[in-house]
Structure formats: C-alpha cells, structure tokens
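Presented below is the structure to which this report refers.
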Amino acid sequence: MSDFIKTAVVSVVLTLAAHSGTFAQSTGTSKYKCMVQMTNYAGEGAYIVVSLINSKNGYDKTLYVMGPDKKWYNSLKEWYKFQSKKPANISAVTGASVTGGDRSVNVFEIETAKINAGYKLRFESAVEDQKYHVKDVEIPLTTEALSAKTDGTGFIRYVRFSPN
C-alpha cells in the first residue's frame with residue numbers, strides 16, 4: 001500500500017474515533033451542583049424531593065431526597081404515589097432534611113439527552129404540621145434555566161445550579 005493511501009486511512013480512522021468520542025459524551029450524563037436556599041420559616045426540617053418530570057408531566061426519576069427518615073416520605077404526597085407504584089432504591093440519593101434559613105448543596109447527575117428535551121426538575125417540600133408544596137420550585141430542564149436562579153413558592157427561597 002502506498003504512503004498516500006496509508007496516510008488517508010489513518011486520517012479517516014482518527015476522524016471517526018474523534019467523532020465517536022463526542023457522541024459518547026453527548027449521550028452520557030452531566031453533573032450539576034445544586035444549592036437550595038430555604039426561607040426563614042419556623043418548625044421542623046423540611047423534607048424535599050427533587051424529581052425529573054417528563055414532557056407529559058409524569059414522574060421519570062427521583063434525583064435526590066432531602067430527609068433521611070422513610071416514615072415521613074408519605075408527606076411528599078405526589079412523589080410518594082409515584083415511588084409506591086415504581087419503587088426505586090433511593091438510598092444513594094438521600095441526605096439530611098433542611099431547616100428554615102439553612103441551605104443545602106448537593107450534586108445531581110442528569111442524563112445529557114434529557115436537557116433541552118421537554119423535561120423539568122420539580123422540587124416538592126413538606127414540613128411536619130405545615131403545608132405541603134407539590135411544586136415549590138419547578139424548573140424547565142434547559143441549558144438556560146440550569147444557569148439561572150429560580151425562586152421557590154413555599155419553604156424554598158430559591159434554587160441555583162452550576163456545572164460540577
């Protein structure tokens with residue numbers, strides 16, 4: 001084989017390898033640091049669940065649960081219905097509850113293909129003997145929204161994301 005053909009073949013192979021690496025990255029996951037700042041409410045620590053919501057407003061996946069005691073999960077009513085129908089092992093994505101005025105910083109892993117594809121992130125919150133907020137914060141899962149601060153409507157003052 002001539003040197004010209006060898007060089008052309010090597011060039012094509014390297015180009016294909018470079019493009020397949022880009023494809024693998026775009027179909028993987030991305031990590032985002034998420035800060036939840038709470039309002040200054042009085043009472044027990046809030047239980048918060050962060051869910052991936054599909055384009056039909058249905059639950060797709062639980063990303064994180066702030067609140068370690070399973071006996072209180074039923075206070076997050078809408079999510080609890082989903083979790084009861086399609087139980088998932090959430091022990092790897094569970095942390096402490098968050099009290100009034102405090103903040104919590106966690107890292108979420110989100111499938112890259114679901115960004116800019118009609119999904120949303122929903123933050124539900126509940127505090128013992130107080131109101132339950134099914135959509136305390138709901139954020140369109142877009143590149144733009146993931147770089148902005150989003151205000152809450154209940155116990156959450158705001159949520160802010162940054163790439164991790």
Side-chain angles (χ1 to χ4, degrees), residues 15-41 43-68 72-73 75-83 86 88-127 130-164:
T15 301
L16 290 172
H19 286 297
S20 68
T22 303
F23 177 73
Q25 257 184 348
S26 69
T27 60
T29 60
S30 299
K31 290 186 179 184
Y32 288 90
K33 191 179 292 184
C34 174
M35 187 195 56
V36 176
Q37 175 67 52
M38 303 301 287
T39 62
N40 291 320
Y41 71 87
E44 299 293 325
Y47 271 55
I48 300 169
V49 65
V50 184
S51 302
L52 184 63
I53 304 297
N54 63 33
S55 60
K56 295 177 182 173
N57 264 347
Y59 288 85
D60 189 75
K61 181 179 182 181
T62 302
L63 296 178
Y64 204 82
V65 180
M66 295 172 214
W72 299 111
Y73 288 173
S75 64
L76 299 158
K77 297 171 187 161
E78 292 301 312
W79 169 78
Y80 189 71
K81 284 187 232 175
F82 162 73
Q83 179 65 11
K86 291 178 73 176
N89 182 4
I90 57 172
S91 60
V93 293
T94 304
S97 58
V98 192
T99 56
D102 283 348
R103 65 179 56 166
S104 176
V105 178
N106 299 290
V107 176
F108 302 149
E109 199 163 328
I110 301 171
E111 293 172 56
T112 309
K114 294 188 177 180
I115 299 172
N116 299 315
Y119 287 81
K120 295 182 270 191
L121 297 175
R122 178 179 294 164
F123 291 72
E124 292 175 51
S125 65
V127 172
Q130 296 189 44
K131 189 175 178 186
Y132 160 63
H133 298 276
V134 69
K135 295 179 184 177
D136 198 333
V137 176
E138 198 162 78
I139 304 169
L141 190 54
T142 64
T143 308
E144 184 179 300
L146 286 173
S147 63
K149 179 178 111 175
T150 305
D151 292 329
T153 60
F155 299 110
I156 299 173
R157 178 171 289 146
Y158 65 84
V159 172
R160 183 184 305 266
F161 282 91
S162 62
N164 189 26

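Quantities reported herein were computed from a predicted structural model and do not represent experimental measurements.
- Here the side chain of Asp136 pairs a donor or acceptor atom with the backbone of Ile156 at under 3.5 angstrom.
- Considering every non-hydrogen atom in both Ala145 and Pro140, the closest pair reads CB-O, 3.1 Å.
- Taking every heavy atom of both residues into account, Ala46 and Ser97 meet most closely at O-CB, 3.1 Å.
- Residues Val49 and Met66 have side chains not in contact (no heavy-atom distance under 4.5 Å, counting atoms from C-beta outward).
- With a 4.5 Å cut-off on side-chain heavy atoms, Ile48 and Ser125 count as touching.
- Distance NE2/His133 to CD/Glu138: 14.5 Å, rounded to 0.5 Å.
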side-chain contact (heavy atoms from CB on, under 4.5 Å) assessment of Tyr73 paired with Val65: CA-CA 9 Å; Tyr73 288 173; Val65 180; 3.8 Å; yes
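- Taking both residues in full, the closest heavy atoms of Glu109 and Thr29 are given as OE2-OG1, 2.8 Å, listed atom of the first, atom of the second, then distance.
- Considering Tyr47, Tyr132, Phe123, Tyr41 in turn, Tyr41 is the only one that fulfils the ring pair (Phe, Tyr, Trp, His ring centres under 6.0 Å) rule with Phe155.
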Worked verdict on Asn164 versus Tyr32 for side-chain contact (heavy atoms from CB on, under 4.5 Å): CA-CA 5 Å; Asn164 189 26; Tyr32 288 90; 5.8 Å; no
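- Between Thr99 and Met38 the shortest side-chain heavy-atom distance does not fall below 4.5 Å.
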Test log, rule side-chain hydrogen bond (donor to acceptor under 3.5 Å, both in side chains), inputs Asn106 and Ser104: CA-CA 7 Å; Asn106 299 290; Ser104 176; 2.9 Å; yes
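- The main-chain N or O of Asn116 is never found under 3.5 Å from a side-chain atom of Thr142 such that the two would form a donor-acceptor pair.
- Side-chain contact between Leu76 and Gln83 is absent, with no heavy-atom pair separated by less than 4.5 Å.
- The heavy-atom pair separating Gly152 from Val137 by the smallest distance is CA-CG2, 3.4 Å.
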Test side-chain contact (heavy atoms from CB on, under 4.5 Å) applied to Val36 and Val98, step by step: CA-CA 9 Å; Val36 176; Val98 192; 5.7 Å; no
Compile the donor-acceptor pairs under 3.5 Å between side chains in residues 50-61 and protein atoms, sequence neighbours left out, one pair per line.
{"unit_1": "Asn54", "atom_1": "OD1", "unit_2": "Lys56", "atom_2": "N", "d": "2.9"}
{"unit_1": "Asn54", "atom_1": "OD1", "unit_2": "Asn57", "atom_2": "N", "d": "3.2"}
{"unit_1": "Asn54", "atom_1": "OD1", "unit_2": "Gly58", "atom_2": "N", "d": "2.8"}
{"unit_1": "Asn57", "atom_1": "OD1", "unit_2": "Lys120", "atom_2": "NZ", "d": "2.5"}
{"unit_1": "Tyr59", "atom_1": "OH", "unit_2": "Trp79", "atom_2": "N", "d": "3.4"}
{"unit_1": "Tyr59", "atom_1": "OH", "unit_2": "Arg122", "atom_2": "NH1", "d": "3.3"}
{"unit_1": "Tyr59", "atom_1": "OH", "unit_2": "Glu124", "atom_2": "OE2", "d": "2.4"}
{"unit_1": "Asp60", "atom_1": "OD2", "unit_2": "Lys114", "atom_2": "NZ", "d": "2.7"}

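- In this structure, Thr112 contributes its side chain and Gly28 its backbone to a donor-acceptor pair below 3.5 Å.
- Ile139 places a side-chain heavy atom less than 4.5 Å from the side chain of Phe161.
- Put simply, the side chain of Thr153 gets close to the backbone of Lys135: a donor and an acceptor are under 3.5 Å apart.
- Taken from OG1 in Thr150 to CG in Leu121, the straight-line distance is 9.0 Å, to the nearest 0.5 Å.
- In plain terms, the two heavy atoms of Thr62 and Val93 that are nearest each other are O-CG2, 4.4 Å.
- Side-chain contact between Thr143 and Ile115 is present, with at least one heavy-atom pair separated by less than 4.5 Å.
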